Amino acid sequence: MPRETEQPADQQFMRVAYDEAMAGYAEGGVPVGAAMVADGELIGRGRNRRVQNGDPTSHGETDCMRNVGRRRDYRGVTMYTTLSPCMMCAGTIIQFGIDRVVVGEARNFGGNLDFLRRHGVEVILLDDPDCCALMERFIAERPDLWYEDIAGRDEV
């Protein structure tokens with residue numbers, strides 16, 4: 001059964017994901033950032049680049065995984081993401097056996113935290129005020145782009 005306890009470095013690595021989200025926002029994209037950590041070391045980072053790359057599958061988590069590249073095994077890897085993962089990203093997390101996910105916020109998008117938990121993933125929800133405020137601001141400024149990103153649904 002997953003522990004679901006915050007680790008001391010979780011806030012530090014969430015800042016890396018948040019910086020990626022801010023970079024995406026500055027580029028005119030959807031501000032969702034991600035980072036991956038193994039053995040306490042940052043192994044990759046990424047951000048939602050759907051707008052920038054014209055690629056509907058380029059969410060923060062998938063961009064981060066592309067930047068990490070192939071790994072023989074993802075056990076023991078933690079994925080940090082500023083926003084609760086959509087079904088595509090949650091499926092990717094499960095597919096590759098990432099066993100811990102730290103989420104910045106789920107207020108603006110509920111995502112699929114229960115789905116991850118049902119598949120044995122340890123999920124830590126930080127309810128980070130910076131992550132919440134950034135997404136809230138983006139949704140208010142660009143609702144068209146936001147609803148395009150989530151296919152017009154609250155949970156995908």
Side-chain angles (χ1 to χ4, degrees), residues 4 10-37 42-71 74 77-156:
E4 298 199 16
D10 286 345
Q11 294 292 333
Q12 170 194 347
F13 290 119
M14 183 55 66
R15 295 291 32 108
V16 173
Y18 180 77
D19 290 346
E20 286 292 319
M22 288 298 294
Y25 180 75
E27 295 166 349
V30 179
V32 177
M36 287 178 69
V37 172
L42 181 68
I43 59 172
R45 56 198 299 159
R47 60 184 167 271
N48 185 306
R49 297 179 194 255
R50 286 184 65 253
V51 173
Q52 299 91 314
N53 295 346
D55 177 356
T57 65
S58 192
H59 286 199
E61 300 89 340
T62 56
D63 184 60
C64 182
M65 287 192 74
R66 284 183 191 112
N67 292 334
V68 167
R70 288 178 57 194
R71 288 182 60 94
Y74 290 87
V77 170
T78 298
M79 170 74 76
Y80 292 84
T81 179
T82 58
L83 186 65
S84 182
C86 71
M87 185 54 78
M88 177 182 72
C89 295
T92 300
I93 288 163
I94 291 165
Q95 174 71 30
F96 288 96
I98 295 170
D99 48 18
R100 186 169 186 269
V101 176
V102 179
V103 177
E105 72 109 338
R107 287 187 210 175
N108 290 293
F109 180 70
N112 294 277
L113 302 183
D114 289 337
F115 175 78
L116 289 169
R117 287 181 179 115
R118 282 195 308 271
H119 285 85
V121 177
E122 179 183 4
V123 176
I124 308 300
L125 178 59
L126 298 179
D127 200 25
D128 183 273
D130 292 335
C131 293
C132 292
L134 176 60
M135 188 53 62
E136 188 175 296
R137 180 170 137 198
F138 170 74
I139 292 169
E141 291 173 356
R142 295 296 314 270
D144 57 325
L145 193 54
W146 169 241
Y147 288 110
E148 175 189 326
D149 192 67
I150 62 167
R153 292 180 235 146
D154 289 332
E155 294 189 14
V156 276

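Numbers here are sequence positions counted from 1. Given the structure is predicted, the values throughout are model-derived calculations rather than measurements.
For the residue pair G110 and S84, the shortest heavy atom distance occurs at O-OG, 2.8 Å. Residue A90 comes nearest to N112 through the heavy atom pair CB-CB, 4.0 Å, listed as atom of the first residue, atom of the second, then distance. For V102 against T78, the heavy-atom pair with the smallest separation is CG2-CG2, 3.8 Å. L134 and A21 make their closest contact through CD2-CB, 3.8 Å (heavy atoms, listed as atom of the first residue, atom of the second, distance). Counting all heavy atoms, side chain and backbone alike, G29 lies closest to F138 at O-CE1, 3.7 Å. Closest approach of S58 and N53 over heavy atoms only: OG-ND2, 4.1 Å.
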>> Could you walk me through whether C131 and L83 satisfy the side-chain contact (heavy atoms from CB on, under 4.5 Å) test, starting with their C-alpha distance in whole Å, then the side-chain angles of each, then the deciding distance to 0.1 Å, before giving a yes or no?
In response: CA-CA 7 Å; C131 293; L83 186 65; over 6 Å; no
> Please walk me through it: do R15 and D128 pass salt bridge (Lys or Arg N to Asp or Glu O under 4.0 Å)?
Replying inline: CA-CA 10 Å; R15 295 291 32 108; D128 183 273; 3.0 Å; yes
> Hey, mind stepping through M79 and F96 against side-chain contact (heavy atoms from CB on, under 4.5 Å) and telling me if it holds?
Replying inline: CA-CA 11 Å; M79 170 74 76; F96 288 96; over 6 Å; no
>> For a side-chain contact (heavy atoms from CB on, under 4.5 Å) check, start with the C-alpha distance between E20 and C64, then their side-chain angles and the critical distance, and finish with the verdict.
In response: CA-CA 10 Å; E20 286 292 319; C64 182; over 6 Å; no
>> If you apply the rule side-chain contact (heavy atoms from CB on, under 4.5 Å), what do you find for I94 with V121, and how did you get there?
In response: CA-CA 8 Å; I94 291 165; V121 177; 4.3 Å; yes
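Using a 4.5 Å heavy-atom threshold, the side chains of I43 and R71 count as touching. Residues I98 and M36 form a side-chain contact, since some pair of their non-hydrogen atoms from C-beta on lies under 4.5 Å apart. In this structure the side chain of P85 reaches within 4.5 angstrom of the side chain of L113, judged on heavy atoms. P31 is not listed as a side-chain neighbour of N48, based on a closest heavy-atom distance of 4.5 Å or more. Counting heavy atoms from C-beta on, the side chains of H59 and T57 never come closer than 4.5 Å. Between E105 and T82 there is no side-chain heavy-atom pair separated by less than 4.5 Å.
Distance check, rounded to the nearest 0.5 Å: CG of D19 to CZ of R47 gives 10.5 Å. To the nearest 0.5 Å, the span separating CZ on R142 from CG on D144 amounts to 4.5 Å. Within the model, atoms CG of D63 and CZ of R50 stand 13.0 Å from one another, a figure rounded to the nearest 0.5 Å. One distance of note links CD1 of I93 with CG of L116; it measures 5.5 Å at 0.5 Å rounding.
Look at R100 and D10 and you find a salt bridge, because one of the NZ, NE, NH1 or NH2 atoms lies within 4.0 Å of a carboxylate O, short of that distance. The existence of a salt bridge linking D55 and R49 is excluded, since no basic side-chain nitrogen approaches an acidic carboxylate oxygen closer than 4.0 Å.
Y80 and F13 have tilted rings, their planes meeting at an angle from 30° to 60° on a 0 to 90° scale.
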